[in-house]
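Everything numeric in this text was worked out from a predicted model, so none of it was measured. Hydrogens, waters and symmetry mates play no part in the numbers below; they use all other heavy atoms, side chains included. Lettering of chains follows the sequences in order, A, B, ..., and the numbering in each one begins at 1.
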2 protein chains.
Amino acid sequence: MTEQRTTEHRTTGEPAAGELPAGRQFTRRRLLGTAGAAGAAGLVVGGAGGAFGAATLRDEPAALASVGATGVPFRDGAHQAGITTPQQARGHLVAFDLTAGQTRKSVAALLRRWSATAEQLIGGRLETGDDQIAHDAGPNSLTVTFGFGGSLFPKTGLEALAPQALAPLPPFSADALDPARSNGDLWVQIGSDDPLVAFHALRVLQKAAGDTARVRWQMNGFNRTPGATPRPMTSRNLMGQVDGTNNPQPTDPDFDARIFVPAGGTARSPQWMAGGSYAVVRRIRMLLDSWDHLSVERQEKVIGRRKSDGSPLSGGTETTPVDLDKRDAQGAPAIAGDAHIRVAAPASNGGAAMLRRPFSYHDGIGSDGAPDAGLLFVCWQADPQRGFVPVQRKLDRGDGLSRFLRHESSALFAVPGAPGPGEYVGQRLLES
Amino acid sequence: MTEQRTTEHRTTGEPAAGELPAGRQFTRRRLLGTAGAAGAAGLVVGGAGGAFGAATLRDEPAALASVGATGVPFRDGAHQAGITTPQQARGHLVAFDLTAGQTRKSVAALLRRWSATAEQLIGGRLETGDDQIAHDAGPNSLTVTFGFGGSLFPKTGLEALAPQALAPLPPFSADALDPARSNGDLWVQIGSDDPLVAFHALRVLQKAAGDTARVRWQMNGFNRTPGATPRPMTSRNLMGQVDGTNNPQPTDPDFDARIFVPAGGTARSPQWMAGGSYAVVRRIRMLLDSWDHLSVERQEKVIGRRKSDGSPLSGGTETTPVDLDKRDAQGAPAIAGDAHIRVAAPASNGGAAMLRRPFSYHDGIGSDGAPDAGLLFVCWQADPQRGFVPVQRKLDRGDGLSRFLRHESSALFAVPGAPGPGEYVGQRLLES
C-alpha cells in the first residue's frame with residue numbers, strides 16, 4: 001500500500017536552485033528559500049505530496065527534506081485538493097453560518113474571495129493583507145477545501161439545486177450530538193504539515209469571510225509528523241491502532257466512481273457537483289480510560305487487527321486481505337463476530353466504501369475528567385447513501401468498538417469539484 | 001545563532017545499519033526500524049537533537065531524515081533534558097496535585113516510578129504496560145522533565161528543604177489568573193517532535209501516577225514541524241513574530257550561572273537543587289483579533305523587530321545586537337520607548353535573563369468568540385528573582401505589547417538536576 005502511494009507522486013527533475021518550475025507561482029524570495037533546503041526539485045507538482053509521500057533517506061534523498069517545500073496545487077485536475085492528498089500533520093476544520101440577509105450573490109463573492117485567497121496562500125504570496133506569519137515557510141503541503149451544507153440552499157434561494165445526496169444523515173442510536181458543533185452553511189478544511197502555516201491560513205480565510213459569514217464551530221487536529229516513523233506507513237489513531245489500511249486506493253478501478261460524482265452528475269447529484277464529493281465530518285471522542293483498561297490482546301480482538309503492525313488476526317501482514325471465514329485451532333472465528341473490521345468490511349455492507357481521511361484531536365481534559373481526545377473523522381464518497389450511511393448503520397448495531405466511542409458532532413457537506421481556469425470554487429452552483 | 005546551535009550537536013559517525021552506538025539502550029527492533037531511515041547515525045547522543053538541530057539536506061544529509069530517530073538521553077550530564085533541548089514540535093504541560101494522605105515516602109515512590117517510566121519511554125521499551133501506541137516510531141526527541149511546586153513541601157513534611165527561590169511569584173497588574181490552571185504540587189513537561197509519541201508518554205505517565213497524584217491541569221502546545229522552514233531558524237509565535245532571538249545561548253560564558261543552580265546550592269537554593277533550574281510557566285493568551293488590526297509596520301514598532309526576518313529596527317540582521325540608542329533620520333528612537341525588545345532587554349533589567357522555551361497553543365475559539373490561542377510560556381533560570389520577576393515587572397509597566405496579551409495562568413516549579421546513575425529525579429530531596 002505504501003508502495004502504491006509512493007508511485008502516485010510525480011516530482012520535477014532537478015532544476016538548478018533558483019530556476020522556476022513552469023507554472024509555479026512562488027515568489028522568487030520563497031523559491032530561493034526553499035531551494036536552499038532541497039532545491040526546487042522538492043516541489044511536488046502532481047498534487048500528492050506530503051507526510052506519506054516522504055520516503056526513506058536511503059531510497060529517495062530529497063523526500064524528507066522537502067517537508068516545507070512540498071506544494072499541492074489548488075487548481076489541478078477535476079477534484080479539490082485535500083481529498084486524495086496524503087494526510088497532513090496539522091488540520092483545522094471550520095464551519096461558517098451566513099449572517100442575516102445574505103444572497104446567492106454575496107455568497108458567490110465570498111467564494112470568489114476565498115478561492116483567490118486559498119490559491120495565493122498555497123502559492124506563497126498574498127496580494128493584500130499578508131501578515132507575514134508564515135513568511136519563512138514553504139507551502140508545507142497546504143490544502144484548503146471548501147464545502148456547502150444543506151442549510152445554505154434555502155437561505156440563498158438555491159433549493160432547486162440542492163443535491164438529494166445532501167439530505168440530513170439519519171440518526172444513529174449511539175449518537176450524542178452537540179448541535180452547536182454540528183452542521184453549518186459552509187465548511188473549510190485546512191491541512192498543512194506545519195502548524196503555523198495552517199494557523200495562518202485559518203486566520204486569513206476567517207478574516208476574508210468579512211461580514212458575510214461567522215464561524216459556527218472550529219476543530220483542530222493532527223497526524224504524525226513527517227519523518228516520525230522510519231518508513232511511510234498507515235496512520236495510527238490515539239487508541240494506538242493502525243487506522244486506514246483498507247481505505248480505497250486511487251489505483252483501484254472503481255475508486256473514482258465510489259469517491260467522486262461523475263461528469264454530468266447523477267440522479268442524486270446535480271451537474272454542478274461533477275468532480276465533487278460528499279464529506280461526512282464526525283467528532284468521535286474515544287473513551288480512552290475504558291479502552292486502556294483492556295489488555296492489548298483484548299483490544300486486538302475488538303478491532304480484528306494486531307496493534308503492533310496492523311496485520312489482520314486472520315494472518316499475514318497489514319495489507320493482506322482480511323479472511324473473514326478463517327477459524328483458529330479451536331474452530332472459533334479468527335475475526336470475532338463483532339470485530340470492527342468485520343462489521344465495517346465492504347463485503348458486510350453491499351460493497352459500500354468511503355475514503356477515510358481523519359485527523360486526531362486532543363483538547364486536554366474534558367469536564368468529566370477524562371481525555372477530550374479522539375478522531376476528527378472525515379470521510380469522502382460520491383454519495384453518503386452508498387458510503388457512510390450503510391456502514392455506520394451496521395457499526396451502530398454490531399461493532400464491538402462502539403462501546404469505546406462517542407459521536408459528539410456530525411455534519412455533511414457537498415464539496416464541489418476543482419475550479420476550472422479562471423473559476424472559483426462553487427461557481428457552477430452559484431452562477432448556474 | 002543558528003550556527004552556534006548546530007555546532008552544539010555531537011552526532012555519531014556512520015556505523016553500519018544495525019550497529020549499536022555505545023551506551024544506547026534502544027531495542028534491536030527499534031534500532032533496526034530507525035536504521036532503515038537514517039542509519040544509526042541519526043541518533044544524536046549529545047542531548048541536543050530535534051527540530052532546530054535539523055540542518056539543510058545540502059549541508060548535512062542525515063539531519064532531516066533523523067526526525068524520528070533523534071534521541072535525547074534521559075540521564076546525561078548535570079541537568080534534566082527538556083531545558084536546553086531544542087524546541088520540539090509537540091508538547092504537553094501537566095500539573096498534578098497529591099491526593100489526600102500522601103507522604104514523603106509515597107512521593108518518592110512516584111518519582112522513582114516516573115523516572116523509570118520516562119527513561120523506558122525514551123529508550124523505546126516499556127517493561128510493563130506498553131500499549132504499543134508509539135511502537136513504530138523512533139524517540140522523536142522525546143523529553144520528560146519533572147518539577148516540584150511550592151505546595152508540595154508542607155504536604156510532605158519537607159518545609160525545611162523548600163527553596164526560598166520557590167516563594168510564590170508576586171502579582172502583576174496585568175494578571176488575569178485562573179487558579180484552577182495555575183500552580184500544582186508536581187509538574188511534568190513532555191516534548192516530542194511527533195504528537196503520537198508525546199501523547200503516548202502523557203498517557204503512560206498519567207497512568208503511572210496511580211492513586212498518588214491527580215491531574216490538576218493539562219495544556220497542549222506545538223512548535224514548527226522539523227523541516228517546515230528551509231533552514232533552522234528561531235521560532236515564530238502565533239503573532240507571527242520571530243521569538244527567542246535574544247535567548248541566552250549555552251555557549252555564553254555566564255549561561256550556566258544564569259540558568260542552573262550551581263553545585264553546592266546557593267543561599268536561596270538548597271544543595272538538592274544543584275544542577276537544577278526554576279521553571280516559570282504562564283499561559284499567555286494573545287488577543288489576536290486586536291493584534292491583527294494593526295498594520296505590519298505598527299506591529300513591528302510594538303515589538304522593535306521586523307516581522308519578516310526578526311532583524312531589530314535599529315538595523316542589521318536577526319542576530320545583530322539591538323542598538324537601543326539608535327535614532328532614525330528624524331531623530332526619533334529607532335526602537336520605541338515602549339517597544340517589547342527595549343523593555344525586555346537585559347540592559348533594562350540589571351542583566352536579568354532567562355531561557356525562554358515556549359510552545360504555542362491553540363484551543364479553538366474561546367467563550368468570547370476570539371481565538372483561544374497564544375503562548376505556553378516556559379522560561380528557565382537559576383533564580384526567578386534574577387530572571388522572570390524583574391523582567392515581568394518591567395514589562396507589566398512599560399511594554400507596548402502587553403495590551404495584546406493576557407496572562408491567564410501562572411506556576412513556578414523547582415526542577416532538580418538530572419538523576420545520577422541509579423538515581424531517580426528528586427531523590428536528593430526526597431531521601432535527604
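Under the rule for a salt bridge (Lys or Arg N to Asp or Glu O under 4.0 Å), the partners of B:R216 that lie at least two apart in sequence or sit in another chain are B:D97. With sequence neighbours left out, the side chain to side chain donor-acceptor pair (under 3.5 Å) criterion links B:D368 to B:R285. The side-chain contact (heavy atoms from CB on, under 4.5 Å) search around B:S367 returns none, not counting sequence neighbours.
In this structure, no portion of A:V94 lies under 4.5 Å from any heavy atom of chain B. Interface residue A:R90: only side-chain heavy atoms are found under 4.5 Å from chain B.
Between A:P226 and B:T225 the shortest side-chain heavy-atom distance falls below 4.5 Å. Residues B:Q206 and A:P371 have side chains not in contact (no heavy-atom distance under 4.5 Å, counting atoms from C-beta outward). In this structure, the side chains of A:F199 and B:L288 come closer than 4.5 Å at one or more pairs of heavy atoms. In this structure the side chain of A:K207 never reaches within 4.5 angstrom of the side chain of B:D289, judged on heavy atoms.
Of all residues in residues 358-366 of chain B, those placing a non-hydrogen atom less than 4.5 angstrom from a non-hydrogen atom of chain A are B:H362, B:D363, B:G364, B:I365.
For B:L196 against A:L238, the heavy-atom pair with the smallest separation is CD1-CD2, 3.5 Å. Residues A:A228 and B:N140 share a closest heavy-atom pair of O-ND2, 3.1 Å.
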